[in-house]
Amino acid sequence: MSVQLVRKQPRDPGPAAWNAILPAAGRPRVLDEAVTCDWLVIGAGFAGLSAARRLAQLCLTDRIVVLDATRIGEGPAGRSSGFMIDLPHNLSSSDYSGGTADADKKQIAMNRAAIAFAAEAAGEHGFPAQVFDQRGKINAAATARGRSLNVRFASHLAAMNEPHETLDATAMRQITGTDYYEGGLYTPGAAVLQPASYLRGLAEGLSGNVTIYENSPVGRLERTGAVWRVQTSRGGVEAPKVILAVNGHIQSFGYFRRRLMHVFTYAAMTRTLTREEVRRLGGEPNWGVLPADPMGTTVRRISGAGDHRIVVRNRFTYEPTMEISDARLARTGDRLARAFADRFPALAHVEMEYRWAGRLCLSRNGVPAFGEIDENLFSACCQNGLGVARGTFCGMMAAELATCHNPPLLADLLAADEPRRLPPEPLAWLGANATLRWKQWQAGAEV
Ligand SMILES: Cc1cc2nc3c(=O)[nH]c(=O)nc-3n(C[C@H](O)[C@H](O)[C@H](O)COP(=O)(O)OP(=O)(O)OC[C@H]3O[C@@H](n4cnc5c(N)ncnc54)[C@H](O)[C@@H]3O)c2cc1C
């Protein structure tokens with residue numbers, strides 16, 4: 001018999017703005033009884049919902065249960081900036097390139113498989129372009145250093161025969177309405193999501209054999225013989241096979257201890273812009289840019305049904321407790337407001353209606369925490385900051401692995417090393433935060 005008490009439940013700081021601007025969701029279905037099923041998926045972010053969708057496709061008559069501690073769209077997945085990126089996006093590099101061209105090509109194949117999977121779901125459920133749009137991405141450069149990082153990344157892409165286009169300051173102004181950017185690097189393969197809308201749509205579209213319980217945190221996981229049992233705050237589930245899709249919280253379930261790095265990143269969304277502010281802003285109604293320097297600021301402009309807003313994201317802090325204080329959220333919120341005002345001085349008076357943060361999970365060697373970690377217990381965790389694509393891919397692949405299918409890309413995922421052990425605390429905390437601060441300082445006006 002194996003018993004795991006779940007030591008920590010997720011705490012998501014600040015409001016999940018992408019979810020808050022949608023019409024209110026209906027009442028949640030909370031698990032308040034004992035149920036049995038063929039498959040249990042824990043976590044309803046990109047990984048969990050993708051695992052459930054793939055299981056439903058592969059096992060047409062099996063009963064599948066998904067549990068999440070919070071509401072769909074309220075966790076880190078729904079708090080993301082919504083870039084589903086196909087290309088290498090190594091946050092610890094200076095220009096995003098991963099490693100060798102061969103390793104990067106494998107990573108690209110995995111990310112594109114995830115985008116194709118999401119595009120199929122988007123087509124099936126009729127998601128509009130505001131929810132899922134394969135319009136590519138731009139790495140925006142605000143400094144000479146940013147431009148040179150774009151040049152370096154472009155030559156890495158050229159070596160892999162990946163299409164890309166260099167944009168000058170005029171083109172960037174036409175798109176964004178601001179002259180903050182000196183240039184950009186456009187690549188066509190990424191998709192851009194309204195993350196909360198996408199997750200809600202994916203959940204609603206799951207077939208009749210999938211039941212999702214929200215606000216149902218798992219507090220205990222145990223195996224007796226061939227059966228896994230979990231306890232939530234008000235109910236329980238028994239299933240022969242379980243997929244853990246809880247990203248860094250897999251550590252709270254007792255797995256991968258001292259091997260996962262928990263990092264927060266921070267975001268803010270303006271109130272609705274007035275018609276006059278929209279006119280003053282200029283540029284295209286919907287666009288998004290990632291920073292040329294991974295430590296810089298991501299910006300999105302979103303428009304739909306008369307609602308125009310700007311969303312900014314920056315800063316990373318390493319937080320081994322998986323929690324941050326309200327004071328930290330307030331401080332970084334002020335920095336986000338400054339990054340917004342620097343880019344859009346004519347709108348500097350516009351308040352941020354929402355300020356929030358969310359967890360990422362990284363490993364030192366950039367690998368996922370993936371595979372069968374106990375008998376019939378599968379992990380689809382540790383997305384290394386690129387969880388929109390990688391979470392989707394790990395979820396899909398966990399379903400393939402658990403059902404004994406063997407698609408070609410699964411072997412590449414299984415061949416990855418284990419997440420490398422971290423130095424002891426407080427050394428890891430001191431080292432990681434000092435490195436992040438230094439890199440953020442170095443990024444200068446890209447932040
Ligand atoms: C502000 C911000 C911007 C970002 N932008 C991007 C971006 O543009 N592109 C990108 O690729 N990535 C981005 N990310 C990272 C991305 O959001 C994550 O990598 C992604 O959410 C990971 O997906 P996941 O499904 O693996 O895990 P999660 O989204 O963390 O989902 C795990 C789920 O498990 C649930 N859970 C945990 N413990 C329990 C428990 N005990 N019981 C039940 N349920 C539990 C949680 O509530 C959660 O809903 C961003 C993150 C943030 C915070």
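All of these numbers come straight from a predicted model, not from anything done at the bench. Each residue takes its place number in the sequence, starting with 1. Order of listing sets the numbers, starting from 1, for every ligand and every atom in it.
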Fill in the blank from the handout: Restricting to heavy atoms, the pick from Gly219, Ser80, Gly45, Ser216 nearest atom 14 (N) of ligand 1 would be Ser80
Exercise for the section: Answer yes or no on whether Arg53 is positioned over the face of Phe117, meaning its NZ or CZ is under 6.0 Å from the six-membered ring centre and within 45° of the axis. Expected result: yes
Practice task
Between Leu360 and ligand 1, find which residue part has any heavy-atom pair under 4.0 Å and reply side chain, backbone, both or neither.
Solution key: side chain
Fill in the blank from the handout: Of Gly385, Gly395, Gly391, the one whose closest heavy atom lies nearest atom 12 (N) of ligand 1 is Gly385
Exercise for the section: Return yes if a side-chain donor-acceptor contact under 3.5 Å exists between Thr321 and Glu319, otherwise no. Expected result: no
Exercise for the section: Could you check if a side-chain atom of Lys8 sits within less than 4.5 angstrom of a side-chain atom of Gln251, using non-hydrogen atoms only? Expected result: no
Handout entry: Part of His89 within contact of ligand 1 (heavy atoms, under 4.0 Å)
Key = neither
Exercise for the section: Just need the protein heavy atom nearest to atom 1 (C) of ligand 1, so name the residue and atom and give the distance. Expected result: Arg79 O, 3.2 Å
Exercise for the section: Please could you name the atoms of ligand 1 that Phe83 approaches to less than 4.0 Å, counting only its heavy atoms? Expected result: 7 (C), 8 (O), 9 (N), 10 (C), 11 (O)
Practice task
Check each of Thr392, Thr265, Asp68 against atom 49 (O) of ligand 1 and report the one with the nearest heavy atom.
Solution key: Asp68
Problem - Pick from Asn111, Val218, Val246: the one approaching atom 39 (C) of ligand 1 most closely through a non-hydrogen atom - result: Val246
Practice task
Describe, in one word, how the ring planes of Phe344 and Trp287 are oriented to each other, choosing from parallel (under 30°), tilted (30 to 60°) and perpendicular (over 60°).
Solution key: tilted
Problem - Residue portion contacting ligand 1 (non-hydrogen atoms closer than 4.0 Å) for Ala245 - result: backbone
Practice task
Among all protein heavy atoms, pick out the one at the shortest distance from atom 30 (O) of ligand 1; state its residue, atom name and that distance to 0.1 Å.
Solution key: Pro76 CG, 3.3 Å
